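Source: prediction; values computed, not measured.
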Amino acid sequence: MSESAPEEEPKPAQKNGTEHKEKEQEATEVKEPIENPPDSAELDTSNNVAKEATTEIKPEELNLEGQPKISTGSTKNSDIELSKNIVLRKPVKMVFNLDQTVLDSKLEQPWKTNLFERVEARAQAMQQKIIDEDNMKKKLEKKTEKKLPEDHLPQHWLNTENMTLNTRVYLLDKVLPTLVPGMEKIVMQVEKKKLLEEVDIPTKFNPINRLGEFLMRNNPYYIKDSGMSGYQRVMRDVTENLKIHVPSSIGNRVAKMKEKIKEQQEQRERLSEVKVKVANTRRQALQEQFNEWILDPKGMIPMIVIQNVLLEFFKNPDYQLESCCEQLNIADSTEPRLNKMEFTEYISLHIADLKSELFEELLKHLCHCADEFREVIKADIRRQMFAELFLHCDSGKVGFLDRQRTLALLETFYDQSSEMLRRLLCNPRQWPFIEFEEIDLPELWGDMDDQKHIYEDFDKVLLEMNTLLPEKHANKTQSQLLENPEDPHEHSKHRKPTPPLSPPEQQREITAGQEPNEISTEEQEQDTESAREQEQHRESVTEQGSPPRMSTSEQGIHIESTAEQGLDSESITAQGQREESTMGQETHRGSTAEQGSSRESLIQQGPQRGSVVEGLRRESVPRKGSHKGLTAEQGSRRESVTEPHKGTTEEQGPPRDRTPEEQDMGSASQSMEGSILRESEKSREATPLEHIEIPPQEEQTQEQAYEEALVVTSELQGEDPVSRGKDHLSETAKKEVQKDKSCEPKSTEIEGKSWSGELLTYNWNTKYAKYEDEEQANLIYANSRFADLHSSVRNIQSYKEVRGRSAFNGVSLDLLQFVQLLGTFVGEDTPLSVSETLTSFFKRGYAETEEEKISGLEEVRQNASRIRRGLLLEALFQKWDSDASGFLDLKEVDELLYTYKEGMEKESMKKAKLHIQFPKPRPGHEVRLSSKQFQKYIELVVSELRGNEDHVLEGVVEFLMTALERSHVEELRNHVRRKWLHQIQHAAETSGVSLEPVYTETFKALTQDAQAHGNKKISAHISLLEENVLLPDRGTVLLRNVACTLDDAPFVLNRVLYRDMKGISFTVVDEGTLIHVPQVQHHGNIFFWNHSRQETDQNGSFLALPLQDAHMRIFGVMAVDTLRDPDKINIFLPHEMRFYQGVSNAFSTAYHYVHSREHILHVVITGISWLYDIAPGITTITTYFIEPSPEKGSDYVLRNMMVTGPLGLTEIHKNPPTIFRKTCIFRNFLFKCTDSSEVVLASVCGENHMVIPLRERTGEALGALDFNIGRSRMLLYREFKDLQKMMKVIQAACYEILGELSGEIKKTHVLEIENVGEVQRAGVLFFRIMLQELQESFRLLTSMNFVTLLLYDYDPLAEPESPPDSQSQELEPNTKLIRDILTAVILFFHPELELSSDLKNWDKCKLYVNRYLVENICSFDPTVKHVKANVKLIGEYIRDHSRIEVWKFGDTVIEYLYHWLHICLALTELNKKQNSAITPPLPSKTDSCVYAKMPGGAAR
């Protein structure tokens, strides 16, 4: 019997020696294949470098073999050594932008791979051998256990008493495993010799000696035991168990670690089970939610829609899930579709780590988006309907319709519509249907007739509601107190303190009680008991704790919540009463004639969100709920129109103080609902334009809606709906609640129309947009006569990156504009039947005569011919200008043109010069033609020749094309250079109003051309002219280096060159031509910025080129030199200098492009500041610019340049966010605006938007302004008119800025402040144009307009003899308004009256209001230096008079003077703060954003 040694004990020497020999033998076996590798193809064909590397690696590999694991560090070092050897023995190769892993993989040799494969195989074999030995030992132990049964006597030692634990463990571990077998053997010998029976017989048997012998012979340190008895095995197990309880021992620590690992494993298993259950529950919820969506005929939904839903959810700043957006790869088409299982799995993949609360919010978001998607499909159906109408009306297939005829038909349809429908349609006689140029100045600036609002009687109904609100609120509160005679504070005991409702909330709550089709008083009295039960139920819920918030915008459930929603107790009581009475008294609904009529009219109106009534409630219900049965296609909303609005009302605190006139917008719409309901039956019978029906399957009773709401509420709160309502509902209600409330899937149709599956919102532009230039380019490709121009035409077409925008021309409408115009007219709230009626009306009314059709076709032909000519002449110009200089020599063009037809047409061509004005050349220089001038010149030449102009032009182009001989090298060089020039313009268009990318691409074009076509190393810098303010004695202007190549930045950047310094840059500025210095060391007038350079190193060429704008004015210098080139003599060649001229021209174009956008932003900031103070109904204003898409082959994108928030501060983004069309499935109104260049009215998530385009001079949109007006359907008429004024001035400023920078119009300075500089001028351009508009309006006034003002005679010092009546009370403020406005105007022209007593005498002040006043106003410049008006005193006169007061007064002269005063004050303020207030606050690269607020020039 052998002793069992513990694992910690050292093994016997014999075993150690044996194992050492085994290790040496294994190492030898491993070493042999490395020293003598088998022959292989890889090793045989390897070069000497590989052999040397193998020799160097051998010792390291052998060392690794001796270790239990291969060191990754040593392997890595071997790779590095191998790479170094190979790189040293191969020629150097320049590799740009190559990943290091790719480079390492290329350097890896076959022998190395083979070596590591063999080593890895050997290591795996050794590991498998060890595993097999362990398995064999375990099998032997199991066989032994079967032969020798276990002895459980050692279990008595298993005692965890701390006092004797260490001793017991020591005995069991060190002594007893050897001592017990010895004692057992001695006892066996005693029994065998029968020594116990023969006690008296002496014997030589000494048990102590025998035991000592046994212990010495079986010493566990030297004897390897072959096996253990059953007693020893149990003792070993007991020892191991006792070791666990010994503190600070290895076994104890290991046991704790195992216990901890086991706990963690169990915890992971539990978490895994919970995650699986949660995932299954979520999948089930998502599968149920899938039924909320409208599907295509195959029962699928486009994946891009779900991606947009998730993207919008992840971008919500409240959830902080922006990192999840990176995982969403938005699809580029609508082809990928998802069925129910794919829908569930796709969403589950992106929300696996989402918390339960966020998942609930996601479900709500999905429900809202499902409803919004139905609205998107409904809009697509409407747009498809209008598109088919356009194709029907366009019988001549010319691609456009007459705009005036379209507006006339809309006006006729509007006039023939019922009064109810007209309140939903937009008035086609008002803006935005008519343009600003079509509105007379007196109508724009002085018309204050509220009846001309875009929505009929909008202000009238709103003002009526404002007068009724206090009385209605008092009556409602009194009636509720009478119904509850108990202590009015009783309900507040169990409620949290509720803040007072904001005005919009009050109006919505009160309006709900004012509906004309309320349940009768008799019904309310019959259900008083049920109402009290409902109140008890509400109090019990409050005592249990506030449930999760379930607002109308989140759940779509029309049921009142508890104290967390902040509603008054009285309104909850009344609502609960109405709900209970509705459940029990449904049969009484049709008892009266009025209720029956309303019910019938509602059934015919339809339940959709776009129904006639629902559209007026948009501001009170922010988002349409989509939860199960309470959807737009089901009938709950139909009855919620005739009953008070059940549901929470979200608190909507206005961002700025709103006047009483501007509050309660929702109540006005509610009031309009009542009037619409009363007139619905008459209107429906009077006009045939409304045919609105409700499908039978979409009807739903109020009881079903209420019961489903209760079930949904209980489910979301985690409660049992049966236990929740069992103590508070009637027996009938209990039975109804206990029923299965799983709602049926939503209807697959929208107002009886099914979805075809095509998502026009995404591909609308590509489906219907027509690109005439592409068609003409294809015709040119098919014509072999112009084969030499095909490559140039392809380049021209590829550089047109922004496509799909319709140009507004005021005469005709293309398909996109026609569809958008009709969509704006009908709005989003009208049912599809109204659109069908409008379509039928247009088909009957729109007709064109044969002359109009022929004229339209002729116009289309001329347009196609114009585009074809432009492509041919531009391609010819690029072929002629092979060096991409941007100009052609007129003399060279004439010499070649005069040889046409052997000079027979020379005289005719000379006549063409009489009709064109060429740029004036400088003395001794040629006349240069730009691309546009060249095209105009050739077209004039063609017009003088006989024959068809198109045929003659093609003949001239073919002649010039064949006469120009260009080698293949020149064509390739021309192509590459034009690509580099295009990159400069592309950088400007995608820079986000920043010049840094333009500078980068400019220097990149210069250096690449110098390396590729000149074999030079160049340096370059750009310097711009500035006014010398600090040191005028050194010259009126200076040149400041604003950009340079990287190596020269420490010496050149931000340095200034004055006129009294050395240099040829000012000579370039004065002469306007380039100067080339072949060897600067011999010139003597070259200024070197790097003073550390020695004179012997100042060798090279220098080239200075002027930077000119469209008016050929110099604004800077671009300099290029070869001082860093190693060759001492390396001059610029002629073709290089011509290309550098093209670079300077491209930089000038890009520079002015960026500055034009910068100036437009500056004008917009000024206009927004002016509007924000007088239009508090606007919540936010966002400015977007159009840019080419960074994705090749995709549509253009929008850049969010700046956002103006509630405080009027404009946040200008440093890196404007990019908005793609594919991420705007639910917010495509922005792209609708920019596509059609039309105003768009849209509603998203309960907020109404008015998107207005900013147009280029061609009529295409360059950007858009998004006005968010919150929950209100529309602005008040006063705010609406002020918005028109602001947009007209901004658009006029855009036209002027773009025209001046492109050279189309000449720059004019009207105000003295405009002479300060370009940036300062952009800051005052808005006020200057507005001042001109007002001055023109003043010229249209007559003397009688001023006489009526002077008839107001009021003495503020006189005391009234009798109590004032209402008329006198109204007269007093009006007279004070007139006096203060006129006095402020007089002070501008007669500042000397400030200290005179005549200023306080109104009779004497009247004398200054004469015929000279209007003349002074029309010619007044507030920025002139001699104007010394007391601005502070003038401001005090008009400060107390708000914009509303002036509007209510309703006088045109006062309206003009009020705006004129504020504009003059703003200009005076800007004139005093030129350096700080006028400079545009655009962000720099070091700032994330900048906040700006310009002087507004208006007051509240």
Side-chain angles (χ1 to χ4, degrees), residues 289-313 328-340 342-343 346-347 365-388 390-391 608-610 624 626 632-633 746-769 803-804 815-816 819-820 823 828 832 835 1189 1191 1193-1198 1219-1236 1240 1242-1245:
Q289 204 281 327
F290 181 80
N291 299 327
E292 303 283 340
W293 294 83
I294 185 170
L295 308 175
D296 62 4
K298 296 182 180 180
M300 307 178 77
I301 186 172
M303 184 175 67
I304 189 175
V305 176
I306 305 303
Q307 290 175 335
N308 275 262
V309 173
L310 295 177
L311 182 65
E312 186 177 351
F313 181 78
L328 287 175
N329 186 14
I330 307 298
D332 294 328
S333 66
T334 59
E335 293 301 325
R337 303 287 172 114
L338 302 175
N339 56 23
K340 180 179 287 188
E342 294 170 345
F343 170 86
Y346 184 81
I347 297 181
H365 179 70
L366 286 171
C367 291
H368 296 318
C369 292
D371 276 353
E372 292 291 338
F373 185 62
R374 287 180 174 268
E375 295 302 320
V376 170
I377 300 303
K378 180 181 176 182
D380 281 354
I381 295 175
R382 183 184 292 113
R383 289 165 68 87
Q384 182 66 31
M385 197 182 304
F386 293 153
E388 294 174 356
F390 178 89
L391 298 177
Q608 275 75 0
R609 170 191 171 196
K624 278 42 176 198
S626 62
E633 281 64 37
K746 290 187 177 182
S747 174
T748 57
E749 296 182 348
I750 299 178
E751 299 186 20
K753 297 182 181 296
S754 59
W755 179 37
S756 63
E758 184 177 9
L759 191 60
L760 296 177
T761 300
Y762 178 75
N763 58 2
W764 174 265
N765 191 24
T766 57
K767 182 177 181 180
Y768 290 103
R803 293 180 175 272
L815 189 145
L816 296 178
V819 171
Q820 184 56 51
E828 297 180 344
L832 294 178
S835 302
S1189 175
E1191 300 177 358
S1194 60
D1195 199 4
Y1196 64 86
V1197 298
L1198 296 177
I1219 302 174
F1220 295 86
R1221 188 187 295 268
K1222 63 182 180 181
T1223 62
C1224 291
I1225 299 296
F1226 299 97
R1227 298 177 180 269
N1228 62 335
F1229 55 87
L1230 295 173
F1231 287 91
K1232 287 181 181 179
C1233 173
T1234 53
D1235 287 343
S1236 61
V1240 175
S1243 175
V1244 177
C1245 300

OG-CZ distance between S835 and R382, expressed to the nearest 0.5 angstrom
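Atom-to-atom, S835:OG and R382:CZ are 4.5 Å apart.
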
Which value, rounded to the nearest 0.5 Å, describes the distance between I381 atom CD1 and S754 atom OG?
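Result: 7.5 Å between the selected atoms.
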
Sequence neighbours excluded, every pair satisfying salt bridge (charged side-chain N to carboxylate O under 4.0 Å, His left out) that has a member inside residues 298-308
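Of all non-adjacent pairs touching residues 298-308, none passes salt bridge (charged side-chain N to carboxylate O under 4.0 Å, His left out).
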
If we ignore hydrogens and angles and just use 3.5 Å, is the side chain of [X] paired with the main-chain N or O of [Y] as donor and acceptor?
{"X": "R337", "Y": "G757", "answer": "yes"}
{"X": "Q307", "Y": "N329", "answer": "yes"}
{"X": "E751", "Y": "L832", "answer": "yes"}
{"X": "E372", "Y": "F1226", "answer": "no"}
{"X": "N308", "Y": "C1224", "answer": "yes"}

So F373 and W755, would you call those rings parallel, tilted or perpendicular, with 30° and 60° as cut-offs?
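If you compare the ring of F373 with that of W755, the planes turn out perpendicular.
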
Would you list the atom pairs, donor with acceptor, under 3.5 Å between side chains in residues 1228-1235 and any protein atom, with sequence neighbours excluded?
unit_1 : atom_1 : unit_2 : atom_2 : d
T1234  : OG1    : Y1196  : OH     : 2.7
T1234  : OG1    : L1230  : O      : 3.3
T1234  : OG1    : F1231  : O      : 3.2
D1235  : OD1    : Y1196  : OH     : 2.4
D1235  : OD1    : R1221  : NH2    : 3.1
D1235  : OD2    : R1221  : NH1    : 2.9
D1235  : OD2    : R1221  : NH2    : 3.3

Looking at every non-hydrogen atom in both residues, tell me the closest pair between [X] and [Y] and how far apart they are.
{"X": "M303", "Y": "A331", "result": "CE-CB, 4.1 Å"}
{"X": "F386", "Y": "G823", "result": "CE1-N, 3.8 Å"}
{"X": "S1236", "Y": "Q820", "result": "OG-CG, 3.5 Å"}
{"X": "T334", "Y": "P302", "result": "O-CB, 4.1 Å"}
{"X": "E828", "Y": "A1242", "result": "OE2-CA, 3.5 Å"}
{"X": "S1189", "Y": "D1195", "result": "CB-O, 2.5 Å"}

Checking side-chain polar atoms at under 3.5 Å, does D380 have a donor or acceptor matched by the opposite partner on T761?
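Yes - a donor-acceptor pair under 3.5 Å links their side chains.
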
Any side-chain heavy-atom pair from V309 and W293 closer than 4.5 angstrom?
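Yes, side chains in contact.
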
Answer whether the closest heavy-atom distance between the side chains of R1227 and C1245 falls below 4.5 Å.
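With C-beta onward as the side chain, the pair touches.
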
Could you go through L366 and I306, starting from their C-alpha distance and side-chain angles, then the distance that decides it, and tell me whether this counts as side chain to side chain contact (heavy atoms under 4.5 Å, CB included)?
CA-CA 9 Å; L366 286 171; I306 305 303; 5.6 Å; no

Please identify each residue that fulfils salt bridge (Lys or Arg N to Asp or Glu O under 4.0 Å) with [X], with sequence neighbours left out.
{"X": "E758", "value": "K767"}
{"X": "K1222", "value": "D332, E1191"}
{"X": "R383", "value": "none"}

Quick one, I301 with F290, criterion side chain to side chain contact (heavy atoms under 4.5 Å, CB included). Give me CA distance, side-chain angles, the key distance, then yes/no.
CA-CA 9 Å; I301 186 172; F290 181 80; 4.0 Å; yes

Residue that, paired with T1223, satisfies side-chain contact (heavy atoms from CB on, under 4.5 Å) out of I304, L328, I330:
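Output: one option passes, namely I330.
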
Quick one: side-chain hydrogen bond (donor to acceptor under 3.5 Å, both in side chains) partners of Q384, sequence neighbours excluded?
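Partners of Q384 under the side-chain hydrogen bond (donor to acceptor under 3.5 Å, both in side chains) test: E388, Y768.
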
Kindly determine whether V376 and V305 satisfy side chain to side chain contact (heavy atoms under 4.5 Å, CB included), including the steps that lead there.
CA-CA 11 Å; V376 170; V305 176; over 6 Å; no

